[in-house]
Protein chains: 2
Amino acid sequence: MPQILNNPMELSKKQLEIIAIAKTLFAQNGFDATSVRDIAQRAKINVAMINYYFDSKENLLEIIIKHGIEAYRLDARKYNTETDALLRLEKMVEHYVESKFSDLHLYQILTNEANARKRDSYAVLFKELRRHNIERLREVIEYGVEKGTFRFYDPLLLHTTMIGTFLNFKMNKSVIEEFIDIPKEMTFERYLKVELTKHLKYILKAILTYEH
Amino acid sequence: MPQILNNPMELSKKQLEIIAIAKTLFAQNGFDATSVRDIAQRAKINVAMINYYFDSKENLLEIIIKHGIEAYRLDARKYNTETDALLRLEKMVEHYVESKFSDLHLYQILTNEANARKRDSYAVLFKELRRHNIERLREVIEYGVEKGTFRFYDPLLLHTTMIGTFLNFKMNKSVIEEFIDIPKEMTFERYLKVELTKHLKYILKAILTYEH
DNA sequence: GGCAAAATTAAACAATCGTTTAATTTAAAC
DNA sequence: GTTTAAATTAAACGATTGTTTAATTTTGCC
């Protein structure tokens with residue numbers, strides 16, 4: 001008699017532990033290249049427990065995504081306090097990077113799987129999330145235009161550049177390590193976060209204030 | 001007695017046909033989610049022929065990558081004819097987008113697999129390619145700086161933004177189709193190429209001429 | 001036409017996959 | 001302490017995986 005998962009947010013400690021391990025493996029090796037036995041071994045549980053807890057491997061992925069996706073939703077209240085358009089933009093970038101870094105593994109899974117599995121329910125969730133964030137970006141741009149600080153620029157294109165830069169930055173760890181020597185006292189992730197924030201602020205300001 | 005593949009560039013018609021089909025499937029579904037039987041069925045050949053021609057599925061992937069990766073190498077002669085720094089930058093972007101679009105499927109495979117399989121030989125090739133292209137970008141930037149047209153900006157970061165924007169633009173087909181209505185007489189790919197080129201030119205010019 | 005090499009086939013291989021079963025242990029409730 | 005449900009286990013399930021085998025067909029050459 002398996003435990004029924006009516007509410008995906010009500011997860012036991014053991015389930016959260018399995019989720020954390022599965023998330024890491026899915027992000028590192030991909031969904032298909034990760035077997036339920038890999039997960040079970042790392043979590044020190046019996047293989048059958050995964051089906052007992054999550055019904056199926058596919059459903060485990062769905063629960064992982066549904067459980068974490070809200071962390072990536074831009075919250076306007078986090079930056080709308082700034083009245084200066086440039087400062088508001090900067091604050092939005094900080095909030096944006098912060099939210100992505102809150103769960104890097106999940107975001108990698110989302111980008112990998114949501115594109116390979118366009119049919120599934122979480123692809124819809126991902127799309128809705130993207131639409132939400134593009135709208136938030138549009139608001140910040142239009143605010144700056146009203147204030148006379150910005151020229152208007154397509155938020156869809158800007159969002160594409162932001163997401164793309166973020167993902168590529170994160171994926172190219174090995175290349176970056178080769179090109180730049182990171183201060184000893186800094187972790188790579190910390191460095192990534194600081195430099196990415198700086199870079200994104202710079203390019204967004206440049207694009208939105210560019211006189212062509 | 002299988003045919004030995006001493007020179008990966010000497011491929012028969014049948015082999016090229018298999019490669020084309022495998023490339024599409026690997027890009028669409030991922031390497032692991034594509035079975036050799038899927039490939040054989042689509043190519044209308046016996047499953048054993050894949051091992052006969054390519055030794056193994058893994059080796060097929062390697063041959064696909066090695067066979068096509070050179071198309072992505074930036075060739076300075078394609079844009080160095082321009083003496084104006086801005087025009088040279090624009091020409092480089094055109095050449096850059098053109099090269100990526102010459103084989104979209106392969107580029108998707110590269111980004112998906114080169115990150116999941118850091119150990120393999122083609123990951124090294126991919127890294128070397130990236131290094132080459134970053135250096136070409138650096139030259140264009142420094143040329144503009146010498147001419148007094150540009151301010152210097154880190155080519156690694158710029159390259160990250162270019163690649164990332166490109167990949168995300170390409171992956172988000174469904175979102176873009178929702179936001180923008182594409183002229184009936186235009187294919188989505190064509191639209192993607194035109195808009196991406198325009199966008200990349202704009203943001204690069206903005207970043208490199210930004211007065212902060 | 002005969003012959004050797006290459007190409008192609010169906011079938012089987014062992015390994016691994018996600019999942020289910022049925023038995024057993026643990027935990028909670030009374 | 002007994003009872004009932006939940007948790008956990010080892011084992012097996014059928015399906016699919018990449019690959020190999022051994023037999024057959026096709027091809028190119030003299």
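When distances run from any side-chain atom of A/Ala48 to the nucleotides C/dA10, D/dT19, C/dT20, the shortest one goes to C/dT20. In the set D/dG18, C/dT9, D/dA10, the nucleotide with an atom closest to the side chain of B/Met49 is C/dT9.
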Could you please spell out the steps behind the salt bridge (charged side-chain N to carboxylate O under 4.0 Å, His left out) verdict for A/Lys78 and A/Glu94?
-> CA-CA 10 Å; A/Lys78 289 279 168 64; A/Glu94 285 169 21; over 6 Å; no
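Between the side chain of A/Lys57 and the backbone N or O of A/Phe31 there is at least one donor-acceptor pair closer than 3.5 Å.
B/Asn51 places its CG atom 5 Å from the P atom of D/dT19, with the value rounded to the nearest Å. One atom, CG of A/Asp55, and another, P of C/dT20, lie 8 Å apart when rounded to the nearest Å. The separation between A/Leu60 atom CG and C/dT19 atom P is 10 Å, rounded to whole Å. Per the geometry, CD1 belonging to B/Ile50 stands 12 Å off P belonging to D/dT17, to the nearest Å. Here the C1' atom of nucleotide C/dT16 and the CG atom of B/Asp32 are 13 Å apart, to the nearest Å. One can place CZ of B/Arg37 at 16 Å from P of C/dT16, the figure rounded to the nearest angstrom. We find that OH of A/Tyr52 is positioned 16 Å from C1' of C/dT19, with the value rounded to whole Å. Rounded to an integer number of Å, the gap from B/Asn59 CG to D/dT20 P is 12 Å.
B/Tyr53 has a side-chain polar atom (N or O) that falls below the 4.0 Å cut-off from OP1 or OP2 of C/dT8. Contact annotation: B/Ser35 reaches the phosphate of D/dT17 (side-chain N/O to OP1 or OP2, under 4.0 Å).
Taking the six-membered ring for Trp and thresholds of 30 and 60 degrees, B/Tyr79 and B/His95 have ring planes inclined between 30 and 60 degrees apart.
Judged by closest nucleotide on DNA chain C, A/Asp38 is the one of A/Asn46 and A/Asp38 placed further toward the 5' end.
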Anything under 3.5 Å between a donor and an acceptor, one on a side chain of residues 189-196 of chain A, the other on a protein residue two or more places apart or in another chain? List them.
residue  : atom : partner  : partner atom : Å
A/Lys193 : NZ   : A/Glu98  : OE2          : 2.8
A/Glu195 : OE2  : A/Lys198 : NZ           : 3.2

